[in-house]
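So you know, we letter chains A, B, ... as the sequences are listed, proteins then strands, and number each from 1.
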Amino acid sequence: MTAFLNQLPIGLSIGAVLMLIALGLTFTFGQMGVINMAHGEFIMAGAYTAFLLQDMVLALPAAFLVAGVMGLILERSAIRHFYGRPLDTLLLTWGVSLVLQQLARDLFGAPNVQVPAPAWLSGGVGILPYNRLFIMGLAVAGVVAVWLYLTRTGLGRRTQAVVQNRQLAATSGIDTGRVDMLTFFIGSGLAGVAGVALTLIGPVGPALGTYYIVDAFLVVVAGGLGQLRGAVLAALGLGLLNSYAEFWSDASLAKVIVLAAVIAFLQVRPQGLFVLRSRVLT
Amino acid sequence: MLELRDVQVAFDGFRALDGVNLTVPEGELRFLIGPNGAGKTTLIDVVTGLTRPAAGSVRFAGQDLVGRKEHQIVRLGVGRTFQTSVVFEELTVVENLDLAASFREPLWALTRRRKGVSEAVAESLARTGLEALAERPAGVLSHGQRQWLEIGMLLAQRPRLLLLDEPVAGMSKDERERTGELLTAIAADHTVVVVEHDMDFLRRHASTVTVLHEGRVLVEGSVDEVSVDPRVQEVYLGRRADDTVGERS
Amino acid sequence: MIKRHLPFATVAVIALVAAPLLLEPFRLGLLAKYLCYAIVALGIGLAWGKGGMLTLGQGVFFGLGGYSMAMYLKLTEAEGGLPDFMVWSGVEELPALWVPFANPVFALSMAVLGPVVLAVVLGTLVFRQRVRGAYFAILTQALAAAMVILLVGQQGLTGGTNGMTNFFELFGQDLAEDSTQRGLYLVVAGVLGVLYLATRQLVNSRYGRLLVAVRDGEDRVRFLGYDPALVKTVTFAASAGMAGLAGALFVPVVGIISPALLGVVPSLELVVAVAVGGRHVLAGAVLGAVVMGYAKTAFSEQFADGWLYLQGALFIVVMTLASKGIAGVAQTVAGRLRSARAT
Amino acid sequence: MRISRPILSALLVMALAACGSDAETAASSNEIKVGLLHSLSGTMAISEVTVRDAELLAIEEINNAGGVLGKKMVPVVEDGASDWPTFAEKATKLVRQDKVAAVFGGWTSASRKAMLPVFERYKALLWYPVQYEGLESSPYIFYTGATTNQQIIPGLDYLKEQGKKRIFLVGSDYVFPRTANKIIKAYAAANGMEILGEEYTPLGHTEYSTLVNKVMQAKPDAVFNTLNGDSNVAFFKSLKSSGVTAESMPVLSVSIAEEEVTGIGVENIAGHPVAWNYYQTTETPANEAFVKAFKAKYGQNKVTSDPMQAGYNAVHLWAEAVKKAGTTEVEAVKKAAPGISLDRPEGKVTIDGDNQHMHKTARIGIIQPDGLIKQVWDSGEPIKPDPYLEGYPWAAGLAGQ
């Protein structure tokens, strides 16, 4: 019974990890319709930043900057030529992710590296260790920050305006190119932050991004097009589902169950996934 | 032929249609007018299955349309065009028309190459005057030609009811004239509903007009009756300048 | 008419006559492997290039075909006993799922029908709900990931991570013999040729036009009275069937099937190959698969570490500078030449 | 269809030119070509690159000492790319195109299984350097890593001696862990030990909180860990943060060597036991020389591990067999090999005549805070390899028929 109850906070903490890795993706995918397969490698860049600094607290803002700038470069040099062609972007960024993986292998070596967890994160409350609580806190903070940014700042509102009607926003004097840059910077930066957090619980190596990218996309898909609210619910739901499915079966089956659940969910609620307006058909 | 009863549609609390009742008898050419946001396009969307009404019934030739999918409604004989014409740019004009004409054939029958031009396609080509452009990709057509192609595709479907959403929007005066003639010709042997607010065009080609306002039917009658109706004048007053030019959304 | 078929006939003669005569057995085997991939690529060219469905999980169908074939091969060798890997895995009785695969007709039909049925089920589910574009791509990718986990987890049934290998004979022919391998090559090349012609026919038919229309304006097609979900499902199923057949051919040619062959990465690599070759032309897809297959072999023989860089870079270049791939470049060059000659 | 003509032509011309271009490089008479086939890219590169390095070191040593039969060994290095079918393809290339005298290669069981038919078909030799799950004895493979009775069973003997009776099994989902756990369960049944749970996770799995919860609820005396690769990092981090220590619940691992310790983080794993046949700290004269030579060639911060040492041994053992046979001809080498006994870094190693595995000494070590592993237990003398566990009554029936 305790084991059963323990799975609840564990599920929430898995959900928090999912939320963190998907938050940046929700941002870029939701706000810009860009499918960035290199998102996983931005997470990896964040983790390596933590490795270089060997300090978790310093690493958080630094990783945000490093991954953000990488995202900025990617957006300016390539992605901006691909707006409106999500599938091409998907493939392009996959190529980028391959190059980044190999680059990491050449820069840092193939073996995993170690980022020491800060001493104040050892120990825990009940089943949840402090490092898990830290990740949950970080996820909540990330979501709140994004929400505040989108609703309470001028830049955020401009971002939303561009999302809703790019042409109209452009004609009303919003520099859409700049908004795109900023959005991509923030989205990628959030991936970097996730990368720092992941050093607490997982390996830090060139393959890091590949372990998380599919899960991150599942959260975004299940959550609906860039809906922050949807992504939060999806992350928590999938986290809990994963936790209990693995508890009752095993880790392999749990992954399959999660995927099946996402497909089933899309059967019931595909509405979150497409917007159809007759006047601007296709 | 077409009968809408108490149709209600709401988007996020906004009532796009608020209890619309509309009957279009067979063989009629009906114009739908009304200011921006009156619900004209929504009404067409409801009939063609794109939007599902929250309440009310939509019947066509004795069949209930609510809950049917778009292509099923087309198969019952209801066709429509869009404000922004969507034609398939990579396909030629003939291929576009042929596609529209062939939906009744089973899928496997389509796996053969097209041989020549079918009767329905030839007729559409002739009616829309696009014969000379038949083998050109639709991507090269001008705006007006695209609209005609779209109407041609609609004709090739051989529907019993045609719904046209602002067919002359953005057209030059000559093009409008030609479209008007095309419409009149089509109306001779089809039931047609046209959404339009070009008043000039309306006066020249319309017989019966339904005025929508804020999701309801305001007035129904002949062009002359409607244009002198005080309620209609009130609705259009002060906004006349925008609306007669033809709105764009 | 003759002129139209001349290029295809030339290629067919080279592929069917010259290649088996000129190439060493090892290289011919590699070419046969690339041609298997080319069959999958052909399906991707159809589904993605013509139908706009970016499928990142084609490896799943390839795998279903491959496993069907492998099960048959394992059972003929076991001669009523258990396949070798089941012995190691502690399986004591042949699982019921395996029993019918002893029949070659059943195994071969399953290699094609299995993928088709899965594609129909999946297609019906997602296309009907109008899940498309990137969502579809991500779902198929997740499907590939889940499939690998499932196969790896059922070791007693599938051979787990190892997959199945150590095949000796196919229809009584010793697979180690060069003559058998040459025959297999001819079969693969022949199948590819036939499928290429059939697909080209399909693309040029009215169905092909409909498919392009669905790609460019799915919602508009609905108002032409067609059900786009049906069109897409049928096309997706056809591409799945091709991948399945390719998988079934792959197993005797290469001598192994394992989950590593049908995961996310190999599936994506094939999409990359199609993009590099030129997705808008079927021949481009075929070309891309062969070129990328060869490039991978050549590069890993020369400098292994460079492959990821090259693959990534090639892809970025193709997507940004030549989005129509090699076929597009060839077309442009041919067009220039033609107009230069004309003036 | 005008388009497709240049494309189609290009296709075939390129394919043919490409495939035919690989001109045979005739081996000159004073050289012997050997193949080294490991993953140099992909997920397994982490482990396999260093094995290749150790093999290259051995080749260099042999060449510096005058070569084999007066000829220099020339390595042909190929990349298996962490992909089993690629291993089969490259093995075919090495054997048929390059006509190498022997191939040293592989790491995962899957890569070995994929290569096995190639070597049996073309009657060529493979030297496989990694501990594995047993139940195999190919006439064309020499196994220089441990089989189960030289690693798993000694590991269990050690746990039993330590009084650990309630065991939880955790492994990655593939052949080695599943087979190992089958053996462990049979051993436990015969030795009064209790198996409290058996859990598998997919390769590359990185979320271990649920599994750790299951382990902690079962409260075992020890965990037998057959996880592979990156999963170990996540598993040990999860254990550590949940308060599990090496004292309260030791985790015996069979796939973690010196190289992996840094990536997992010494603080997460120090104190836990591992089972191998060799550690960098193993005290033999041969090891002193090996560690010194390896660091001199590849860098002072490099560590040596069991599989590296087994790959290094493989090259030396093959050279010894060739010398004895007087030829590199495969059947002659196979015939000459049994009984060859050398003092290697791990101690005395003898090639077994029955199954082409090695007689090896089993060693249990504890991971130290400096990242190295200190031996705390050994089997005393080399154990005769028994891949089918025929010498263990409790294991009857495990090998299938």
Side-chain angles (χ1 to χ4, degrees), chain C residues 4 6-8 10-11 14-15 18-19 22-31 33-34 82 87-90 149 152-153 155 160-163 165-167 176 200 254-256 258 260-261 278 281-284 286-287 290-291 294 297-298 300-301 304-305 307-308 326-327 330-331 333-334, chain D residues 1-16 18-22 24 39-41 45 77-79 81-86 88-90 92-93 96-97 108-110 113-114 116-118 120-122 133 135-136 172-175 178-179 182 200 202-203 398-401:
Chain C
R4 205 175 73 191
L6 194 63
F8 179 80
T10 319
V11 172
I14 298 176
L22 293 175
L23 293 176
E24 302 159 60
F26 171 67
R27 295 289 168 191
L28 191 69
L30 286 183
L31 187 57
K33 183 174 93 166
Y34 307 152
L82 283 179
V87 178
W88 313 322
S89 310
I149 293 170
V152 169
Q155 194 184 301
T161 341
N162 289 9
T165 178
N166 218 357
F167 308 115
R200 201 174 67 170
V254 176
I256 184 170
S258 86
L261 285 165
V281 185
L282 290 176
V286 173
L287 173 72
V290 176
V291 167
Y294 170 69
T297 307
S300 67
E301 282 174 14
D305 282 358
W307 171 239
L308 272 183
I326 301 174
Q331 262 174 310
V333 172
Chain D
M1 276 289 110
R2 261 179 308 185
I3 329 145
S4 58
R5 190 185 329 175
I7 298 167
L8 283 170
S9 318
L11 181 144
L12 253 287
V13 170
M14 285 179 75
L16 285 179
C19 295
S21 69
D22 190 271
E24 188 76 17
S39 298
L40 310 179
S41 60
V77 180
E78 287 289 347
D79 177 17
S82 310
D83 179 57
W84 330 144
T86 305
E89 178 190 316
K90 298 298 181 191
T92 314
K93 176 190 175 269
R96 300 204 77 189
Q97 293 280 118
T108 60
S109 286
K113 289 284 185 205
L116 181 143
V118 175
E120 292 189 348
R121 181 178 297 168
Y122 301 116
E133 71 279 2
L135 306 185
E136 189 181 292
S172 290
D173 201 348
Y174 70 105
V175 165
R178 285 188 179 268
T179 313
K182 238 167 49 184
Y200 298 95
L203 283 164
L398 279 182
Q401 273 73 18

Report which part of [X] has an atom under 4.5 Å of a heavy atom belonging to chain C: side chain, backbone, both, or neither.
X      : value
D/A114 : both
D/Y174 : both
D/P202 : side chain

Contact leader toward chain C among D/V118, D/D173, D/L116, D/T86, where contacts are heavy-atom pairs under 4.5 Å: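 Between D/V118, D/D173, D/L116, D/T86, the count favours D/D173.
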C/N162 side, atom CG; C/S258 side, atom OG - distance, nearest 0.5 Å: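 Going from the CG atom of C/N162 to the OG atom of C/S258 covers 8.5 Å.
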Mind ranking C/T165, C/I256, C/T161 by heavy-atom pairs under 4.5 Å with chain D and telling me who comes out on top?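 The candidate making the most pairs under 4.5 Å is C/T161.
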Of all residues at least two apart in sequence or in a different chain, which pass the side-chain hydrogen bond (donor to acceptor under 3.5 Å, both in side chains) check with D/T108?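 Scan of D/T108 (side-chain hydrogen bond (donor to acceptor under 3.5 Å, both in side chains), adjacent residues dropped) gives D/S111.
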side-chain hydrogen bond (donor to acceptor under 3.5 Å, both in side chains) partners of D/E120, counting only residues at least two apart: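 Listed in chain order: D/S138.
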Measuring only between side-chain heavy atoms, which start at C-beta, is C/V152 closer than 4.5 Å to D/L203?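 Side-chain contact under 4.5 Å: no.
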Salt bridge between C/E24 and D/R96, side-chain N to carboxylate O under 4.0 Å?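 Salt bridge between C/E24 and D/R96, a charged N being under 4.0 Å from a carboxylate O: no.
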